[in-house]
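Notes for the one structure printed next.
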Amino acid sequence: QLRLPLEGSGDMPRGLELLQQWREKLLTYKPVPPVEVKEGPIMENVDQGNDVNLWKFPAPRWHEKDGGRYLGTGCVNITSDPDNGDVNMGVYRCMIHTENTIGVKANKGKHGRIHLDKYHSAGKPCPMLICIGHDPTLFLSGVMTVAYGVSELSWGGWLRGEPIPYVKAPLTGLPMPATAEIVLEGEIPVDSNLQSPQEGPFGEWPGYYADTTSKEVPVMHVKAIYYRNDPIILGVPPLRFPSPYFLGIPPGAAMAWDQLDAAGVPDVTGVWGFCCGSQTGLFTVIRIRQRYAGHPKQALLVTAGCRAGSYGGKFYVVVDDDVDITNPREVLWAIATRTNIANDIDTVKEVWTSPADPAITLEMRETQSYTSDRLFIDACRPWRWKDDFPEPNDFPREFKEKILAKWPLE
């Protein structure tokens, strides 16, 4: 287990200081289980059966060229494991098809999709709730890469500092956040994706319209809608990089950092992601204080394989701890000056990835084989002659701070 407090180096960049504070918060996690209540504001209005009409709510076309109207962007999708009853809360975009059907883009490998596949393997429909208006901490809980089997409802209770009250959903028995704005209750029939209409395109987190699919995205049949008076929808439409919509930091980087520590990689002094969603994303940078030969490669391999660093990954760069990994200019400088192309660049073939990656080939899309290769770049000083590597032509930080104190830039 990791120990608190975590000590940051004196020259830690500001972005990493913020990430470190978030990471230290994460390390205090203790589950705060949700509590069942008999009623809540979510039950102010109930539409069932023929009264179900998804079009009664404002479902925006968030981006100009989206292929449909998305009621679910900042949503959380609630399912349970049919084997043990564990509840999962994930974030999967939801496009309306008809007044009582909605697409649920739960990609292969996501925890909610594992639940769905288990139900369908047993020949049973998968019960589901889609919560599309709620406290933003529920969205953050659903989007984080917590371990399989960890309840995001308990995680969200810890984040809020109090248990999340829930009402047992009348038709499925799933926990429905009692203070939510709108919740859809229904099920995804077996092989519903085989009959599903076109879903997408949608302006996704890599900054492109991606994922136009047919006969792939499962469709939920909505049996009931629960909603407050004058409900508010939480929308979280991604935009082109750089447009961070998670705290101003890549939250998955904190979890990848923890997972590197848990795997025994020493002296990791930072992890960052560019062009990212809840994971570290398409371009991940690791900052280390080198301790032995092979240390940079170890950091690259673990980051590309851990849960928080693998999904949607493509480029992985490791640098020394004199580089500000939150500054893309410094990262490019390290790559350009410290990487020996013959020795320091490697690839790994066909690793699980996100369908939102616009560079996935048409053949892979046709077969739904969503993998991509990984490119590893060692941009650290070479271990064998690290002490003889030229020194940077730069002023010390202490000198810069004195100059700024003397002549502050307003």
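All values below come from the heavy atoms of this structure, side chains included, with hydrogens, waters and symmetry mates left out. None of these values were measured; they are calculated from a predicted model.
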[atom1]-[atom2] distance between [X] and [Y], expressed to the nearest 0.5 angstrom:
{"X": "Leu16", "Y": "Trp272", "atom1": "CG", "atom2": "CH2", "result": "6.0 Å"}
{"X": "Met128", "Y": "Glu187", "atom1": "CE", "atom2": "CD", "result": "11.0 Å"}
{"X": "Cys380", "Y": "Ile286", "atom1": "SG", "atom2": "CD1", "result": "9.0 Å"}
{"X": "Ile132", "Y": "Phe57", "atom1": "CD1", "atom2": "CZ", "result": "6.5 Å"}
{"X": "Ser372", "Y": "Leu282", "atom1": "OG", "atom2": "CG", "result": "8.0 Å"}
{"X": "Ser141", "Y": "Trp155", "atom1": "OG", "atom2": "CH2", "result": "5.0 Å"}

Beyond-backbone contact of [X] with [Y], side-chain heavy atoms, under 4.5 angstrom:
{"X": "Leu301", "Y": "Phe376", "result": "yes"}
{"X": "Thr280", "Y": "Pro250", "result": "no"}
{"X": "Val236", "Y": "Pro136", "result": "no"}
{"X": "Leu54", "Y": "Ile225", "result": "yes"}
{"X": "Pro34", "Y": "Ser154", "result": "yes"}
{"X": "Pro296", "Y": "Gln290", "result": "yes"}
{"X": "Tyr226", "Y": "Pro231", "result": "no"}
{"X": "Ile233", "Y": "Glu181", "result": "no"}

Practice task
Evaluate the ring planes of Tyr292 and His295, with Trp represented by its six-membered ring, and classify them as parallel (under 30°), tilted (30 to 60°) or perpendicular (over 60°).
Solution key: parallel
Practice task
If the plane angle is over 60° it's perpendicular, under 30° parallel, otherwise tilted; pick one for Phe202 and Tyr70.
Solution key: tilted
Handout entry: Sole candidate of Val32, Leu138, Asp135 that passes side-chain contact (heavy atoms from CB on, under 4.5 Å) when paired with Ile164
Key =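 Exactly one candidate clears the test, Leu138.
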Handout entry: Test side-chain contact (heavy atoms from CB on, under 4.5 Å) applied to Asp344 and Ile335, Thr339, Val318, the passing residue
Key =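 Single pass found, and it is Thr339.
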Practice task
With sequence neighbours left out, write down each residue that passes ring pair (Phe, Tyr, Trp, His ring centres under 6.0 Å) with Trp383, or none if nothing qualifies.
Solution key: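 Checked Trp383 against ring pair (Phe, Tyr, Trp, His ring centres under 6.0 Å); zero matches.
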Handout entry: Check against side chain to side chain donor-acceptor pair (under 3.5 Å), Tyr370 and Asp357
Key = CA-CA 9 Å; Tyr370 296 124; Asp357 181 354; over 6 Å; no
Handout entry: Asp81, Asp86, Asn88 screened by side-chain hydrogen bond (donor to acceptor under 3.5 Å, both in side chains) with Tyr148, the one that passes
Key =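 Filter result, single survivor: Asp81.
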[X] (side chain) donor-acceptor with [Y] (main chain) under 3.5 angstrom:
{"X": "Asp373", "Y": "Glu350", "value": "yes"}
{"X": "Arg287", "Y": "Asp321", "value": "yes"}
{"X": "Gln259", "Y": "Arg307", "value": "yes"}
{"X": "His63", "Y": "Glu204", "value": "no"}
{"X": "Arg228", "Y": "Glu44", "value": "no"}
{"X": "Arg338", "Y": "Ala336", "value": "no"}

Practice task
Evaluate the side-chain contact (heavy atoms from CB on, under 4.5 Å) criterion for residues Tyr209 and Asp66: first the C-alpha distance (whole Å), next the side-chain angles of each, then the deciding distance (0.1 Å), finally the verdict.
Solution key: CA-CA 7 Å; Tyr209 291 98; Asp66 282 351; 3.5 Å; yes
Practice task
Check the pair Met255, Val146 against side-chain contact (heavy atoms from CB on, under 4.5 Å), reporting the backbone distance first and the verdict last.
Solution key: CA-CA 8 Å; Met255 305 195 87; Val146 301; 4.2 Å; yes
Is the number of heavy atoms from other residues, nucleotides or ligands within 6.0 Å of [atom1] ([X]) greater than 12?
{"X": "Ile341", "atom1": "CD1", "value": "no"}
{"X": "Glu64", "atom1": "CD", "value": "no"}
{"X": "Asp394", "atom1": "CG", "value": "yes"}
{"X": "Asp230", "atom1": "CG", "value": "no"}
{"X": "Lys297", "atom1": "NZ", "value": "no"}

Quick one: closest heavy-atom pair of [X] and [Y], and the distance?
{"X": "Met95", "Y": "Gly200", "answer": "SD-N, 3.7 Å"}
{"X": "Trp205", "Y": "Ala356", "answer": "NE1-CB, 3.9 Å"}
{"X": "Tyr92", "Y": "Arg113", "answer": "OH-N, 4.3 Å"}
{"X": "Pro163", "Y": "Pro33", "answer": "CB-O, 3.4 Å"}
{"X": "His120", "Y": "Cys126", "answer": "NE2-N, 4.1 Å"}
{"X": "Thr371", "Y": "Met364", "answer": "O-SD, 3.4 Å"}

Problem - Summary of ring pair (Phe, Tyr, Trp, His ring centres under 6.0 Å) pairs that have at least one residue in residues 326-367, sequence neighbours excluded - result: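 Qualifying pairs, neighbours excluded: Tyr311-Trp352.
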Handout entry: With sequence neighbours excluded, residues passing side-chain contact (heavy atoms from CB on, under 4.5 Å) with Pro60
Key =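 Partners of Pro60 by the side-chain contact (heavy atoms from CB on, under 4.5 Å) criterion, ordered by chain and then number, come out as Trp62.
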Exercise for the section: Determine, stepwise, if the pair Ser80 / Tyr119 fulfils side-chain contact (heavy atoms from CB on, under 4.5 Å). Expected result: CA-CA 10 Å; Ser80 65; Tyr119 275 103; 3.4 Å; yes
Exercise for the section: Given salt bridge (charged side-chain N to carboxylate O under 4.0 Å, His left out), test Lys386 with Asp320 step by step and report yes or no. Expected result: CA-CA 11 Å; Lys386 180 168 67 71; Asp320 293 303; over 6 Å; no
Problem - For Thr79, all residues meeting side chain to side chain donor-acceptor pair (under 3.5 Å), sequence neighbours excluded - result: His115
Handout entry: Arg160: side chain to side chain donor-acceptor pair (under 3.5 Å) partners, not counting sequence neighbours
Key = none
Practice task
Could you please spell out the steps behind the salt bridge (charged side-chain N to carboxylate O under 4.0 Å, His left out) verdict for Arg381 and Asp322?
Solution key: CA-CA 11 Å; Arg381 297 178 181 86; Asp322 64 332; 2.9 Å; yes
Practice task
Can you tell me which residue pairs pass the side chain to side chain donor-acceptor pair (under 3.5 Å) test with a partner in residues 166-180, sequence neighbours excluded?
Solution key: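 Pairs touching residues 166-180 that pass the test: Thr172-Glu185.
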Handout entry: Tyr227 vs Lys56, side-chain contact (heavy atoms from CB on, under 4.5 Å): CA-CA, chis, key distance, verdict
Key = CA-CA 12 Å; Tyr227 55 102; Lys56 76 187 298 180; 2.9 Å; yes
Problem - Candidate pair Asp258 and Arg23, rule salt bridge (charged side-chain N to carboxylate O under 4.0 Å, His left out), full reasoning - result: CA-CA 8 Å; Asp258 290 345; Arg23 184 173 175 238; 2.4 Å; yes
